Participant: 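My questions all concern the structure below.
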Amino acid sequence: DPASVDTHHWDVWTTNGDGSGNVVSLPTEEAAVKAGDPASVDTHHWDVWTTNGDGSGNVVSLPTEVLDLTNDQKQKQKSASKTTKSNIANNAHKQDNVKNNASGEHHKTSKGSDASSDAGTSDSSNTEAADGSAEGRRSGSGTTDDSVPDKGPPDGSEGVGMPEKGLDASDDKPSLPTGPGDGLVSDAAASSASTPNVVFVLFDDVGYNDFGYSSTDLKAATPTITKLGNEGVILSRYYTEPDCTPARSTILSGRYPITSGMSHSIVDLDSPWGLPTSHKLVSEQMSAAGYQTHLYGKWDIGHHDKAYWPTERGFDSYFGLLVKTYTGSNSYETHACGTGYTDLVEDLSNAYGYEGNYSTTMFGDAAAAQVLSHDATLGPLFMYIAFNAMHAPVSLPDEFEESDEYATITEGLTWSKRKEFAAGLYMGDQAIKSVVDALKTTGMYEDTVIIATSDNGGPSNSAGGPNGANNYPLRGYKGNVFDGGMRVPAFVHYPNGGAAMNGTTIDYVFHAADWYPTLVNGLAGKDWSLTSDGLNQWDMVTGVTQGPVRNETLLWLDYMSSGWGAILVGDYKFMKQGCKVWYDPDGSSYAMGDEDCSGDDDDESAYYRIYNLATDPEEQYNLYGNSDYSDVQAKLEERYCHYYNDVMTDNVYQEADKTGAFTAMEANDNFLTYWLENTEASVLYPKSDYTDFSLCDAYLTTATEALDATPPAPHGEHVSMHVNSAGESLLADYMSDGQRP
């Protein structure tokens with residue numbers, strides 16, 4: 001129908017596995033093939049759609065000599081097999097893994113291969129951000145060692161120096177990426193009839209310097225991650241929480257720990273508390289949106305009561321461990337949670353028969369089997385894979401250290417824990433590869449969003465439970481609020497996302513709480529009012545919009561620890577935190593700038609800190625108490641105290657119930673289980689009992705007057721509304737002009 005040219009836009013392509021192809025034939029969802037090569041189904045993936053100007057349309061006609069379509073025939077792609085949930089578990093978890101393949105052939109790679117050699121290519125030109133700096137959204141995600149800031153001398157004499165004042169943002173608007181295409185999400189991608197599948201991968205205790213695409217030393221450990229990251233959207237300023245339980249509760253609930261009751265400590269095997277069931281999880285929201293939801297791996301947000309378990313909170317199936325880590329020697333294979341006790345669950349039951357299976361591979365194989373058995377007619381797939389890797393104590397499969405892969409992965413590394421870490425991370429990378437391969441086998445890969453990140457920064461060599469992870473060049477480590485404890489690698493990969501999602505790096509702040517609305521409101525397209533502290537960043541990630549979504553982010557706050565915490569406002573970070581040093585990838589510590597942590601942590605100046613992260617990303621130069629920054633300090637304290645005084649709720653932390661937990665395990669064949677029923681979250685340590693944080697007393701009646709007079713904002717607006725009502729032009733006043741590291 002030539003007349004349709006005026007109102008319809010047609011796109012057809014094939015993919016031969018390398019991103020290129022020719023128009024030869026057409027499947028499936030909305031049209032039938034009258035001419036073409038049916039045999040090509042095995043090697044080609046076909047997509048066709050029309051756009052009527054509003055992002056929707058129907059396949060009615062196609063102006064090509066090769067294809068002839070009809071609109072009254074439809075085919076539905078189905079999975080290769082259907083099994084019950086129990087069969088999925090049995091078929092998946094009992095596959096051979098590396099333990100039973102001592103030669104390592106299951107994970108064989110070419111020795112000395114470059115992990116990034118097959119990464120996507122794109123233009124490396126930068127774009128301007130809203131503040132006029134050469135930051136924001138950049139095409140070309142590859143990094144080199146030259147891009148990593150030097151440590152500089154201990155005295156800071158040749159470092160970045162004390163940043164100048166006068167941080168006014170310009171009115172310049174960012175341009176679109178100049179990588180492949182025009183940087184816009186194509187009409188085709190925007191009008192795709194299907195809702196994308198989601199695979200969310202969460203590593204444990206993996207640091208800023210540990211994903212191969214940006215690592216200084218682990219180039220061979222993550223070939224799959226490096227390829228996915230370089231062909232996707234890298235979130236270079238992704239922030240999470242400083243420890244396991246609060247990070248996972250934030251991702252799953254979209255709430256800051258200060259509003260979910262999870263702002264103190266972590267859930268252990270005998271903890272009689274967890275994320276209150278009054279908070280609806282992302283799994284529940286995605287299930288309501290029509291997704292099939294599955295969890296493999298670590299839970300860690302409460303298990304004392306059956307009502308807190310994954311399958312009671314939105315997941316259709318669950319196979320994994322309930323608490324923070326496995327313990328003892330060969331812990332990843334014994335699945336032990338203390339001498340004589342096991343932590344491995346299928347749905348609500350003990351998971352028998354898996355001892356000796358390496359947990360990382362076991363969870364990856366189970367997830368891959370779920371993909372292979374996925375029935376798309378029942379809805380898209382939402383899969384949460386939360387590895388216990390790389391939490392200490394790290395263990396490797398039997399005899400893996402004698403394999404060629406191990407030699408390649410650890411080449412050039414000198415610290416024994418770093419070698420062990422690299423090898424264990426490689427096992428996680430190969431588990432992801434198994435899932436990716438399954439997605440490709442089923443034809444789901446192109447329409448699947450793959451997200452990968454870490455729950456918190458890596459432990460250092462001197463921190464409790466060092467695992468060989470590294471946060472270079474950032475300061476600090478897991479368990480504190482320097483950037484090394486909370487800023488971690490993250491990326492979003494979506495083949496159908498268009499050119500704007502291929503080879504792009506975003507330098508704006510993205511917080512762990514943002515996944516919740518980004519997935520539900522953004523990716524799934526549900527216009528639901530959510531109770532969340534996160535912001536929907538889907539349009540920013542996909543390139544539909546430009547510029548920062550967040551101008552203020554609470555990073556952490558704990559009233560039971562005397563107001564310990566941190567907040568970001570523009571480029572400035574305010575924190576209450578004792579002195580911590582920096583760590584090289586070899587595990588050695590070093591000092592920078594004007595701090596070496598040799599003094600006493602007993603005065604105010606040792607705890608209160610302000611850093612300009614735009615010019616001082618390593619957090620070397622403390623601006624707190626500097627008279628040139630008195631206005632900055634006043635505003636940052638005001639915002640921090642707003643959260644302390646007006647937003648933070650009582651936490652639900654409780655002391656361990658060893659008797660209840662261990663009695664229940666012993667009655668349950670020594671498997672970890674619940675021991676309480678029908679419990680309600682209770683407050684044993686209310687904020688009102690803690691009066692040792694005096695900083696915010698002065699702001700009880702003054703700092704939030706504007707907020708008190710402002711009606712509550714709808715979801716997605718509350719953070720920026722708070723900022724704008726409490727301080728005019730806050731973002732412009734506290735953003736700087738230089739390029740952001």
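Atom set for the values below is all heavy atoms of this structure, side chains included, hydrogens, waters and symmetry mates excluded. Note that this is a predicted model, so its numbers are computed, not measured. FYI, the numbering just counts along the sequence from 1.
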Participant: Indicate whether the side chain of Y572 and that of R639 have a donor and an acceptor atom separated by less than 3.5 Å.
Facilitator: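 Side-chain D/A pair, Y572 to R639: absent.
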Participant: How long is the straight-line distance from CD of E638 back to NZ of K635, given to the nearest 0.5 Å?
Facilitator: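 Result: 4.0 Å between the selected atoms.
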Participant: Any side-chain heavy-atom pair from T673 and W675 closer than 4.5 angstrom?
Facilitator: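 No; the side chains remain at least 4.5 Å from each other.
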Participant: Parallel, tilted or perpendicular: which describes the rings of F574 and Y624, with under 30° parallel and over 60° perpendicular?
Facilitator: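 Correct class here is tilted.
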Participant: Roughly how far, to the nearest 0.5 Å, is the CG atom of L555 from the CD1 atom of I567?
Facilitator: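 So the gap between those two atoms works out to 8.0 Å.
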Participant: Within a 6.0 Å radius of atom NZ on K687, are there more than 12 heavy atoms belonging to other residues, nucleotides or ligands?
Facilitator: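 Count over threshold, so yes.
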Participant: Please tell me if the side chains of V652 and M262 come closer than 4.5 Å, counting only heavy atoms from C-beta onward.
Facilitator: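 Yes, at least one pair of side-chain atoms sits under 4.5 Å.
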Participant: Which residue is it: T259, I301, L281? I am looking for the one with a side-chain contact (heavy atoms from CB on, under 4.5 Å) to S253.
Facilitator: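 Checked T259, I301, L281 against S253; only one passes side-chain contact (heavy atoms from CB on, under 4.5 Å): L281.
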Participant: If we count only N and O atoms by modelled type, under 3.5 Å, do the side chains of E637 and Y608 hold a donor and an acceptor together?
Facilitator: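 Checked: E637/Y608 side chains show no N/O donor-acceptor pair below 3.5 Å.
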Participant: Taking the inter-plane angle between the rings of F200 and Y384 on a 0 to 90° scale, is it parallel (under 30°), tilted (30 to 60°) or perpendicular (over 60°)?
Facilitator: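 Plane angle over 60°, so perpendicular.
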Participant: Does any part of the side chain of L275, heavy atoms only, come nearer than 4.5 Å to the side chain of S260, both counted from C-beta?
Facilitator: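 S260 reaches L275 side chain to side chain.
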Participant: Fit a plane to each ring of W515 and F510, take the angle between them on a 0 to 90° scale, and name the class: parallel (under 30°), tilted (30 to 60°) or perpendicular (over 60°).
Facilitator: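 W515 vs F510 ring planes: tilted.
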Participant: Looking just at side-chain N and O atoms, do H391 and T325 make a donor-acceptor pair shorter than 3.5 Å?
Facilitator: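 Result is yes, a qualifying pair exists.
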Participant: Under a 3.5 Å distance rule, please check whether S287 uses its side chain to pair with a backbone N or O of E284 as donor and acceptor.
Facilitator: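 Absent.
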Participant: With no hydrogens and no angle check, just 3.5 Å: does a side-chain donor-acceptor pair link H294 and S317?
Facilitator: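 Present: a donor and an acceptor within the cut-off.
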Participant: Could you pull out all residues at least two apart from D243 that satisfy salt bridge (Lys or Arg N to Asp or Glu O under 4.0 Å)?
Facilitator: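 For D243 the salt bridge (Lys or Arg N to Asp or Glu O under 4.0 Å) partners, ignoring immediate neighbours, are K478.
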Participant: With sequence neighbours left out, write down each residue that passes salt bridge (Lys or Arg N to Asp or Glu O under 4.0 Å) with D270, or none if nothing qualifies.
Facilitator: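 Here the qualifying residues are K658.
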Participant: Taking atom types as modelled and ignoring hydrogens, do the side chains of D507 and S236 form a donor-acceptor contact shorter than 3.5 angstrom?
Facilitator: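 D507 vs S236: donor-acceptor pair found between side chains.
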Participant: What pairs with D300 under salt bridge (Lys or Arg N to Asp or Glu O under 4.0 Å), at least two apart in sequence or on another chain?
Facilitator: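 Counting only residues at least two positions away or on another chain, D300 forms no salt bridge (Lys or Arg N to Asp or Glu O under 4.0 Å).
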Participant: Under 3.5 Å, is there a donor on one side chain and an acceptor on the other for N461 and Y477?
Facilitator: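 No, no side-chain donor-acceptor contact under 3.5 Å.
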Participant: Do the side chains of M286 and V520 get nearer than 4.5 Å, heavy atoms only?
Facilitator: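 Answer yes - side chains close enough.
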Participant: According to the side-chain hydrogen bond (donor to acceptor under 3.5 Å, both in side chains) rule, which pairs have a member within residues 555-570, sequence neighbours left out?
Facilitator: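 Those involving residues 555-570 are H264-D558, D558-S561, Y559-N651, S562-D692, W564-Q577.
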Participant: Check whether any side-chain heavy atom of L425 sits under 4.5 Å from a side-chain heavy atom of T222, and report yes or no.
Facilitator: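 Yes; the side chains approach each other to less than 4.5 Å.
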Participant: Using the ring pair (Phe, Tyr, Trp, His ring centres under 6.0 Å) rule, take W309 and Y674 through it: C-alpha gap first, then chi angles, then the decisive distance, then the call.
Facilitator: CA-CA 9 Å; W309 285 39; Y674 56 89; 5.6 Å; yes
Participant: Indicate yes or no: at least one non-hydrogen side-chain atom of I251 is less than 4.5 angstrom from one of V282.
Facilitator: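 No, every pair of side-chain atoms sits at 4.5 Å or beyond.
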Participant: Would you say Y256 and T553 make side-chain contact, with heavy atoms under 4.5 Å?
Facilitator: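 Y256 vs T553: side chains touch.
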Participant: Taking the six-membered ring where the residue is Trp, are the ring centres of F662 and Y341 under 6.0 Å apart?
Facilitator: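 Yes: the rings meet the under 6.0 Å criterion.
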Participant: Can you tell me if K576 has over 12 outside heavy atoms packed within less than 6.0 Å of its NZ?
Facilitator: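 Check passes, neighbour count above 12.
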Participant: For the pair L613 and R237, evaluate side chain to side chain contact (heavy atoms under 4.5 Å, CB included) and give the outcome as yes or no after the intermediate values.
Facilitator: CA-CA 11 Å; L613 297 183; R237 297 197 72 207; 4.0 Å; yes
Participant: How long is the span from the OG1 atom in T518 to the CE atom in M540, to the nearest 0.5 Å?
Facilitator: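 One gets 8.0 Å once the value is rounded to the nearest 0.5 Å.
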Participant: Evaluate the criterion side chain to side chain contact (heavy atoms under 4.5 Å, CB included) for residue pair V488 and V206; output intermediate values, then yes/no.
Facilitator: CA-CA 7 Å; V488 298; V206 168; over 6 Å; no
Participant: Just wondering, do S263 and L557 contact through their side chains at under 4.5 Å, heavy atoms?
Facilitator: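 Not in contact.
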Participant: Just jot down the side chain to side chain donor-acceptor pair (under 3.5 Å) partners of D514, sequence neighbours excluded, or say none.
Facilitator: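 D514 satisfies side chain to side chain donor-acceptor pair (under 3.5 Å) with Q537, R550 only.
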Participant: Between F319 and F363, does the ring pair (Phe, Tyr, Trp, His ring centres under 6.0 Å) criterion hold? Intermediate values first, please.
Facilitator: CA-CA 8 Å; F319 177 62; F363 294 140; 5.6 Å; yes
Participant: What orientation do F203 and F387 show, parallel under 30°, tilted 30 to 60°, or perpendicular over 60°?
Facilitator: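 Rings of F203 and F387: tilted, 30 to 60°.
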Participant: If you round to the nearest 0.5 Å, how far is CZ of R475 from CG of N480?
Facilitator: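 That separation rounds to 9.0 Å.
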Participant: Kindly say whether the aromatic ring centers of Y239 and H511 come within a distance under 6.0 Å.
Facilitator: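 For Y239 and H511, the ring centres are not under 6.0 Å apart.
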Participant: Whether the side chain of N388 engages the backbone of Y326 through a donor-acceptor N/O pair (distance < 3.5 Å, no angle test) should be reported.
Facilitator: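 No, N388 side chain to Y326 backbone: no donor-acceptor pair under 3.5 Å.
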Participant: Look at the rings of Y611 and F482 and say which category their plane angle falls in: under 30° parallel, 30 to 60° tilted, over 60° perpendicular.
Facilitator: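 Judged by the thresholds at 30° and 60°, the geometry between Y611 and F482 is tilted.
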Participant: Name all residues meeting the salt bridge (Lys or Arg N to Asp or Glu O under 4.0 Å) criterion together with E619; count only those two or more places apart in sequence or in a different chain, and write none if there are none.
Facilitator: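 Salt bridge (Lys or Arg N to Asp or Glu O under 4.0 Å) list for E619, sorted by chain: K573.
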Participant: Measure the CG-CD distance between D305 and E680 for me, rounded to the nearest 0.5 Å.
Facilitator: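 Taking CG in D305 and CD in E680, the distance rounds to 10.0 Å.
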